[in-house]
Amino acid sequence: MRKLFPDYLIITLKGLAMGAADVVPGVSGGTIAFISGIYQELIDSINNVNLSVLKTLKKDGLKAAWEQVNGSFLLALLSGIGISILTFSKVITHLLETQPILVWSFFFGLIIASITLIWKEITSWKLVDILFLLIGITVSYYITIARPVSSPDSYWYLFLSGFIAIIAMILPGISGAFILLLMGSYETVIGTINTFSKGLTTANSEILVSALLKLGVFAIGAIIGLKSFSKILHWMFAHHKNTTLTLLVGFMVGSLNKVWPWKQVLETRINSHGEVVPYIDKSILPQNFNGEPQIAMAVVLAILGFVLIFGMEKMASKLGKN
């Protein structure tokens, strides 16, 4: 039985970490959920949100319905994710612009540690597991080298973006933010989140309503996508857990290309602020990097990310024993 403090506070902190990861192209909030020990509970809780909850509410009351959907867990986690996205969207985008090598090095170490931890959960290897590992690597790697597309800033496309991106966000190794980038929606969504924050701080109702409308359409797509895909994940973990884990490891291995710190820019584009930003790039060795490669600090940050994940895993293990 969880208590309000510190259990749900720690879940909220995990939500903060998931939210911060979800706004970075190349990093998955699902990875954070997995290595922090709440992934399967999250999938199961989402899967429990169905029409039977209404029957429970009518028959047994609000408390029983709340417990059926694991409401306290979802509220604590979603609060952390929401706060993090609103708070860190500007911070992370600023760090990616000013210290990209160090930021990507940190996440590279994080994902390497996550691969190690998930690999340990695989109890046996069959031919089908190896096949799904290779499928995961191939699909995820292809996503990292796919050419981003431009799209109109329309409500139907925001809905579609939310539907597809949320599926990626709950899969360890596949970045929902990067999927948005590929679809041409990343800048629109992040810009809308920043506009929403501005509307809150300035109490500007016109800005707030416009941002809420766009975020609402995106959120509806995300909710429908999340609910649809959670059933598939729930079934996969219940009946083919080993194969599912190998597929997730494959996704994470393939995604390493995206978070490799040293890149050569092949093409640029003009963003909404009139700034020239990278559009197409490829991974290169540090010695071939055009500029200061910051190898020493990059190694330190990668080790820090690696150690942090193992620290979170140990903390999650201790909490599970209590």
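Note: hydrogens, waters and symmetry copies are ignored here, and every other heavy atom, side chains too, is used.
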_Assess, by modelled atom type and distance only, whether the side chains of Asn70 and Glu41 contain a donor and an acceptor separated by less than 3.5 Å._
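Yes, Glu41 and Asn70 have a side-chain donor paired with an acceptor closer than 3.5 Å.
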Can you give the donor-acceptor pairs under 3.5 Å from side chains of residues 215-228 to other protein atoms, not counting sequence neighbours?
from   : atom 1 : to     : atom 2 : distance (Å)
Lys227 : NZ     : Ile46  : O      : 3.0
Lys227 : NZ     : Asn47  : O      : 2.9
Lys227 : NZ     : Val49  : O      : 2.5
Ser228 : OG     : Ile224 : O      : 2.7

Is the count of non-hydrogen atoms from other residues, nucleotides or ligands lying under 6.0 Å from [X] atom [atom1] greater than 12?
| X | atom1 | answer |
| --- | --- | --- |
| Gln287 | CD | yes |
| Phe132 | CZ | no |
| Asn288 | CG | yes |

Would you please classify the geometry between the Trp119 ring and the Trp125 ring as parallel, tilted or perpendicular, with 30° and 60° separating the classes?
tilted
Say whether [X] and [Y] are linked into one hydrophobic cluster, either directly or through other cluster members, by side-chain heavy-atom distances under 4.5 angstrom.
| X | Y | answer |
| --- | --- | --- |
| Met236 | Leu127 | no |
| Leu13 | Leu78 | no |
| Ile135 | Ile130 | yes |
| Ile193 | Ile207 | no |
| Leu75 | Leu42 | no |

Expected list for residues 53-67: side-chain donor-acceptor pairs under 3.5 angstrom, two or more places apart:
from  : atom 1 : to    : atom 2 : distance (Å)
Thr56 : OG1    : Ser52 : O      : 3.1
Thr56 : OG1    : Gln68 : OE1    : 2.5
Trp66 : NE1    : Ser72 : OG     : 3.0

The side chain to side chain contact (heavy atoms under 4.5 Å, CB included) partner of Ile122 among Val249, Leu133, Leu248, Asp129 is Val249
- Query: Do the side chain of Thr246 and the main chain of Thr243 share a donor and acceptor less than 3.5 angstrom apart?
  - Reply: yes
Report yes or no: does Ser84 contribute a side-chain atom to a donor-acceptor pair with the main-chain N or O of Gly80 at less than 3.5 Å?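 Answer holds: no.
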